[in-house]
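Taking it in order: structure first as structure tokens, then the write-up.
Counting begins at 1 with the first residue of the sequence. Quantities reported herein were computed from a predicted structural model and do not represent experimental measurements.
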Amino acid sequence: MKICRWKYEYQDIEDNQNQYTIEECKRNGFVDAKYIKSTNRKFNGNPFIEALPRPRNMKHSSPYFRPIAPVDYLKFKDLTTEEKKEEVLYLKELRLPLSFQKELEFVNYDVMTNSYSLRNIYYWSSYVFNETIEQKNFELQTKLKGQVADSAPSGFSLLGESGCGKSTAIKELFNNMPQLIAHHPKEGMVIPQITYIVVACVPNSNFRLLYTQIGEAIDFVLGNAEPCYERLISKQRNLGDMQMKVCELIEKFSIGTIVLDEIQLVNFKSNRENTYEALLSIVNKTKVALSVVGTEDAYNLLFSKLRNARRSGEYINASAYTQNKAYFSKLTWILFKWQWFDEKVEWTQELSDTLFDCSKGLINQLIWIYKWMNLEYIEAKANGQNIVVDCDYIRNINNKHFMHLKSQLDLMEQEQIEQLEDQKIIEAVKAKSNQNYEPEDISSLDLIGEAKITSEVIEMVHHMFPQFDSDLIASATKQVLEIDKDHKLRTYEIAQQTLDILQNKPAKKKRRTNKKKPTSKDITAYLDL
């Protein structure tokens, strides 16, 4: 057994660009490793770190913002009532940027690089591990192992109220990296790297089921149609044996981070405290990063002891934005750009404040209310009723469809006030990150201009090339807008470069900046609020 090291070539890419294509990030199966040289010299020569995409710079735009195609009013007026309602359902595809997402982007990269920096890849020249990938025999001669004596890596804790956008943010976070990377130290040799696994806890789950779900997630990443590693873990006699199998798989497949989502669904009453200790001992042994996503109450039950809580790492408050009325106003301003009313309803602060009161600032609740505002309007108009979209209309919609949530939302608001006071105390004693990272207020981003341009590009590209869906076009457009920081490209040029990315054509060089004043057609003309 010896440490396996090899030389590899670096990719030459622009800052804030991904070395992998959109297709590679979403591919089910192996993606050949592409390496970028890290600015941290400690990471140079570590293939598992330098094969990871860098965190995205969210200074000019948010990759978590997913606009939908604009409403074609000329076409819309000729649709039937049911067809109009179906158009409104596109709202579920809309993703608005939230203030915690920038911090999540940075912290996750920090978590993963720290985890991989604590491990070495070991090679057995005279021994082969027989594994299963895509239901076929796969020979491995390596394991990624850490030293037990080294400190355990910390993950992150993304906590907040249900409906504040945690799970959606996690999905978008990992949309930027391949899940299964193949390293080729020499010809004919493959070292697999599973960059991340997200395990969604199910209602009343216990830790035996949790370990089995990790095996199920590994099978899915490796393309095993028939459960292989899920069955391997589930047939173990006790939790200790299941835990050891999980550790073995983490080392064989070089898993970087495991994220437990919806931890509030775990049945805490049926699990003893030592089961939590056993879960965290996996981190000690393998140096994998373990992160949790869920509510504050569930976190306090899971990590009640300080020795456990410190392993959960960086705390990210996903609900903080729900207390910021000014930020919420920006979100509603953007939301009103998509509407299916006969006459355009102009955004006002009064309408925004009413939506804030009804939704308690939760993004999911806001979208639900706004969806029903449009659906009820279409139905009423079809029945010949005259509808005025005002504050009373919003309250009536909320009372009709969400009265059963009122008591929970009111209780949540009181709890948030108390948590804000507690957080002030926590922050006063909380150790600062080594990077001294301070998340930027995402509300200052040029979201409106991006929404308009992205929607226009989606419409242009999809009209000519219907094989590309809106999500793919939006992702490619974001890459172009990130490069065009000076806003010099016209919409048709952005559309052309977007199409180049989708068709995997070589990237064009950035245009030289000039000192000419922007014309009225420049993208910045659309950015004023």
Side-chain angles (χ1 to χ4, degrees), residues 65-96 161-165 167-168 322 328-410 412-413 448 451-452 454-456 458-459 462-463 466 469-471 474:
F65 177 39
R66 296 280 178 175
I68 57 179
V71 181
D72 187 342
Y73 292 103
L74 292 176
K75 175 185 174 184
F76 184 73
K77 66 183 180 62
D78 294 327
L79 299 178
T80 66
T81 299
E82 294 307 315
E83 287 173 335
K84 288 179 178 179
K85 287 182 176 181
E86 190 173 352
E87 288 282 312
V88 175
L89 297 183
Y90 279 117
L91 270 174
K92 67 182 180 181
E93 306 295 333
L94 178 64
R95 298 289 180 266
L96 298 179
E161 297 298 331
S162 179
C164 69
S167 296
T168 301
T322 64
F328 186 85
S329 295
K330 270 192 177 290
L331 296 181
T332 56
W333 201 95
I334 300 170
L335 185 59
F336 268 65
K337 296 303 173 185
W338 291 275
Q339 51 182 264
W340 293 263
F341 309 120
D342 286 352
E343 296 181 4
K344 184 177 180 181
V345 177
E346 295 295 339
W347 177 92
T348 66
Q349 188 62 54
E350 188 179 13
L351 289 175
S352 181
D353 290 345
T354 303
L355 284 167
F356 182 85
D357 292 338
C358 291
S359 68
K360 303 305 180 187
L362 291 170
I363 187 63
N364 194 42
Q365 193 67 13
L366 169 63
I367 298 294
W368 280 3
I369 294 172
Y370 190 70
K371 179 187 74 173
W372 279 109
M373 285 169 58
N374 283 273
L375 290 174
E376 290 281 2
Y377 181 95
I378 292 170
E379 184 66 32
K381 280 292 186 179
N383 294 329
Q385 300 176 34
N386 187 29
I387 297 295
V388 177
V389 179
D390 55 13
C391 295
D392 288 337
Y393 177 72
I394 295 173
R395 293 189 191 99
N396 289 336
I397 291 293
N398 188 55
N399 290 335
K400 179 178 178 180
H401 293 280
F402 306 107
M403 179 57 73
H404 62 290
L405 297 178
K406 187 179 186 305
S407 59
Q408 289 90 334
L409 291 172
D410 288 343
M412 185 203 79
E413 185 176 33
I448 307 305
K452 183 176 179 62
T454 304
S455 295
E456 290 176 354
I458 288 173
E459 192 172 26
H462 188 67
H463 177 72
D469 61 32
S470 297
D471 188 50

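Sorted by first then second residue, the salt bridge (Lys or Arg N to Asp or Glu O under 4.0 Å) pairs that include residues 368-377, not counting sequence neighbours, are E376-K400.
Interatomic distance, CD of E350 versus CG of D390, reported as 8.5 Å (0.5 Å rounding). Distance check, rounded to the nearest 0.5 Å: CD of Q365 to SG of C164 gives 12.5 Å. For the atom pair CD1 (I363) and CG (L331), the distance works out to 5.0 Å, reported to the nearest 0.5 Å. Annotation: the span from R95 atom CZ to E93 atom CD amounts to 6.5 Å, rounded to 0.5 Å. With rounding to the nearest 0.5 angstrom, the CG atom of D353 is 6.0 Å from the OG atom of S329.
Inter-residue side-chain proximity for F336 and V345 is flagged as met; some heavy-atom pair is nearer than 4.5 Å. The side-chain heavy atoms of F76 and I378, taken from C-beta on, include a pair separated by under 4.5 Å. Side-chain contact check for I367 versus L335: some heavy-atom pair is nearer than 4.5 Å. Counting only heavy atoms from C-beta outward, the side chains of L355 and M373 approach each other to under 4.5 Å. Side-chain contact between F402 and C358 is absent, with no heavy-atom pair separated by less than 4.5 Å. Between C391 and L351 the shortest side-chain heavy-atom distance falls below 4.5 Å. Contact check for S352 versus W347: side-chain heavy atoms found under the 4.5 Å cut-off.
For D392, the salt bridge (Lys or Arg N to Asp or Glu O under 4.0 Å) partners are R395, not counting sequence neighbours. Shown here are the ring pair (Phe, Tyr, Trp, His ring centres under 6.0 Å) partners of F341, two or more places apart in sequence or in another chain: Y377. The side-chain hydrogen bond (donor to acceptor under 3.5 Å, both in side chains) search around S167 returns D261, E262, not counting sequence neighbours. Scanning for salt bridge (Lys or Arg N to Asp or Glu O under 4.0 Å) contacts around K344 gives an empty result, with sequence neighbours left out.
Ring planes of F328 and F356: perpendicular class, angle over 60° (limits at 30 and 60°).
In plain terms, the two heavy atoms of I458 and P67 that are nearest each other are CD1-O, 4.0 Å. Among all heavy-atom pairs drawn from G361 and T322, the shortest one is O-CG2, 3.3 Å. Residues W340 and I68 approach most closely at CH2-CD1, 4.3 Å, considering heavy atoms. Looking at every heavy atom in both residues, Y73 comes nearest to Q339 through OH-O, 2.9 Å. Contact between K381 and N386 at its shortest, heavy atoms only, is NZ-OD1, 3.8 Å.
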Indicate every side-chain donor-acceptor pair of residues 81-91 with a distance under 3.5 Å to a residue at least two apart or in another chain.
| residue | atom | partner | partner atom | Å |
| --- | --- | --- | --- | --- |
| E83 | OE1 | T80 | N | 3.0 |
| E83 | OE1 | T80 | OG1 | 3.3 |
| K85 | NZ | E379 | OE1 | 2.5 |

After noting the C-alpha distance and the side-chain angles of F65 and T454, does the key distance pass the side chain to side chain contact (heavy atoms under 4.5 Å, CB included) rule?
CA-CA 10 Å; F65 177 39; T454 304; over 6 Å; no
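Counting non-hydrogen atoms of other residues, nucleotides and ligands closer than 6.0 Å to CD of E343 gives a total of 12 or fewer.
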